[in-house]
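One structure below.
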Protein chains: 2
Amino acid sequence: MHSGEMTKQKDKSKHHHGNLREALVEAGVELLTEGGIPALTLRKCAAKAGVSHAAPAHHFDGVEGLRAAIAGEGFRRFRLAMLNAADKGPQTPRNRLKGICRGYLDFARQEPALFDLIFSFRANSKLIGDLATSSAPSYQVLRDACAPFVPEGTDPVVIETQVWSLIHGYAQLILTGRFGAGSTPDEPVLALLDQIGARPAP
Amino acid sequence: MHSGEMTKQKDKSKHHHGNLREALVEAGVELLTEGGIPALTLRKCAAKAGVSHAAPAHHFDGVEGLRAAIAGEGFRRFRLAMLNAADKGPQTPRNRLKGICRGYLDFARQEPALFDLIFSFRANSKLIGDLATSSAPSYQVLRDACAPFVPEGTDPVVIETQVWSLIHGYAQLILTGRFGAGSTPDEPVLALLDQIGARPAP
DNA sequence: CATAGCATCTTGACAGTGTCAACTCTAGGG
DNA sequence: CCCTAGAGTTGACACTGTCAAGATGCTATG
């Protein structure tokens with residue numbers, strides 16, 4: 001922990017925090033990892049950053065805007081987790097795809113609240129545009145890993161949908177505790193990845 | 001929907017509503033379909049059922065208990081959606097499995113808020129026990145459809161995890177608007193079901 | 001350099017939410 | 001017939017998001 005004990009030292013002047021926006025996002029990430037999505041509160045973020053409860057309104061469009069900004073940071077970490085896992089082991093296309101998926105699961109397990117947040121926005125959200133831009137780099141990582149398995153002349157979205165659905169569903173079901181407490185057999189899902197991109201059955 | 005226009009006529013006596021518990025769950029489902037998860041509020045449920053704001057406390061353990069009870073109704077409808085879709089078409093094991101998955105998607109698209117709710121409980125929830133019992137029949141439907149594809153002497157959880165992860169991830173990604181606005185190509189996912197249960201590559 | 005503008009932050013207020021305690025009412029059993 | 005326990009009400013409290021109005025200090029422009 002060792003962070004959060006000072007709640008932002010107001011060195012000299014009260015006003016003009018300097019980089020309040022970043023501080024609020026950072027505080028939000030901490031609240032999220034500590035207490036999950038219900039703990040992510042506008043007022044608590046402000047308190048943790050050492051400002052008054054109405055200060056965030058000058059940097060975000062309400063609490064939804066703050067959540068979107070924190071999701072942006074979440075997507076950044078999400079992408080790094082995937083790339084980090086993909087860079088391990090022999091760099092064959094198949095192994096790299098599996099690495100991306102392992103990173104997907106690593107992120108879901110290590111930062112479950114952040115994972116929840118970035119996938120909590122529904123299609124009808126007003127911020128779906130902002131989210132699309134901040135999430136694009138993450139999705140591109142997955143797309144790139146799928147590219148080698150796209151048959152000539154077919155739409156890449158086919159393979160991407162298969163891989164993404166499989167790994168995302170598995171991650172989601174783990175987080176909702178649908179596979180009992182202890183056992184989380186990744187093998188079935190990772191094994192199915194070996195079949196993806198194979199020649200369709202005649 | 002011709003229901004909800006009277007907000008429960010208090011026929012004779014104010015007290016002893018009669019079946020307030022069911023009325024609250026019904027009101028909750030309506031609120032959910034009208035305004036999504038954020039609209040599901042204890043006080044609004046009480047108002048819609050025609051009782052005071054503190055009445056639900058005598059039937060549910062706080063708002064989380066109410067959400068769990070509504071999720072129970074959600075799981076019931078979820079199971080019916082899957083069974084209804086599975087009963088269409090020729091009753092081969094493969095076609096039945098696809099029907100179950102089509103029902104899975106039907107429910108997610110037709111009742112997105114209810115779908116959100118039943119999968120919104122995290123593994124650390126205190127009600128994970130209650131949820132396990134109320135959701136068991138739904139999951140059993142999926143398990144039964146997977147059974148014919150489980151190779152002799154192997155753990156059924158392998159196939160089940162593959163199928164469930166695939167279809168659940170796809171449903172989730174649809175609801176979060178990750179596949180653009182209009183196009184929702186179900187074919188890639190349903191096609192992959194044809195490969196599931198096949199002999200593992202030599 | 002001075003000052004006016006403006007972004008930033010504070011204070012105070014309000015409605016909505018969940019929860020608790022104390023109270024009222026009704027039904028049903030001794 | 002009473003009278004106890006469940007069912008519902010009322011009122012209060014803390015917490016949340018949001019808005020309006022005011023205070024503050026950076027900065028650009030004269």
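In what follows, chains are A, B, ... by sequence order, proteins preceding strands, each numbered from 1.
Of the candidate nucleotides D:dG8, C:dG18, D:dG17, D:dG8 has the atom lying nearest to any side-chain atom of B:Ser52. When distances are taken from the side chain of B:Thr41 to each of C:dC9, D:dG8, C:dT17, the shortest belongs to C:dT17.
Note: A:Phe119 CZ to A:Leu175 CG = 11.0 Å, rounded to the nearest 0.5 Å.
Between the side chains of A:Asn95 and A:Gln91, not a single donor N or O lies within less than 3.5 Å of an accepting N or O.
Between B:Lys126 and B:Asp61, none of the side-chain N atoms (NZ, or NE/NH1/NH2) sits under 4.0 Å from a carboxylate O, so this pair counts as no salt bridge. Classification of A:Arg102 and A:Asp186 as a salt-bridged pair fails, no side-chain N sitting under 4.0 Å from a carboxylate O. Using a cut-off of 4.0 Å between Lys/Arg side-chain N and Asp/Glu carboxylate O, B:Arg77 and B:Glu111 are scored as salt-bridged.
D:dG17 atom P lies 11 Å from atom CG of A:Leu31, rounded to whole Å. The CG atom of B:Leu24 sits 12 Å away from the C1' atom of D:dG8 (whole-angstrom rounding). Rounded to an integer number of Å, the gap from CG of B:Asp61 to C1' of C:dG18 is 12 Å. Spacing between atom NZ of B:Lys44 and atom P of C:dA15 amounts to 17 Å, rounded to whole angstrom units. Between the NE2 atom of A:His58 and the C1' atom of D:dA21 there is a distance of 11 Å, rounded to whole Å.
A:Glu160 places no side-chain N or O within donor-acceptor distance of the main-chain N or O of A:Leu142, the cut-off being under 3.5 Å.
Classified by interplanar angle (parallel below 30°, tilted 30° to 60°, perpendicular above 60°), the ring pair A:Tyr104/A:His168 is perpendicular. Between B:Tyr139 and B:Phe75, the ring-plane angle classifies as perpendicular under the 30° and 60° cut-offs.
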Between protein and nucleic acid, restricted to nucleotides 11-14 of chain D and to nitrogen or oxygen atoms under 3.5 Å apart, what atom pairs and distances do you find?
residue : atom : partner : partner atom : Å
D:dG11  : O6   : B:His53 : NE2          : 2.9

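Because its NZ or CZ atom is both nearer than 6.0 Å to the ring centre of A:Phe121 and within 45° of the ring axis, A:Arg67 counts as a cation-pi partner of that residue.
Nearer to the 5' terminus of DNA chain D, by closest-nucleotide assignment, is the contact made by B:Gly18 (compared with the other of A:Leu42 and B:Gly18).
With a 3.5 Å limit on both pairing distances and Watson-Crick or G-U wobble geometry required, the stems of 3 or more pairs in DNA chain C span C:1-30 with D:1-30.
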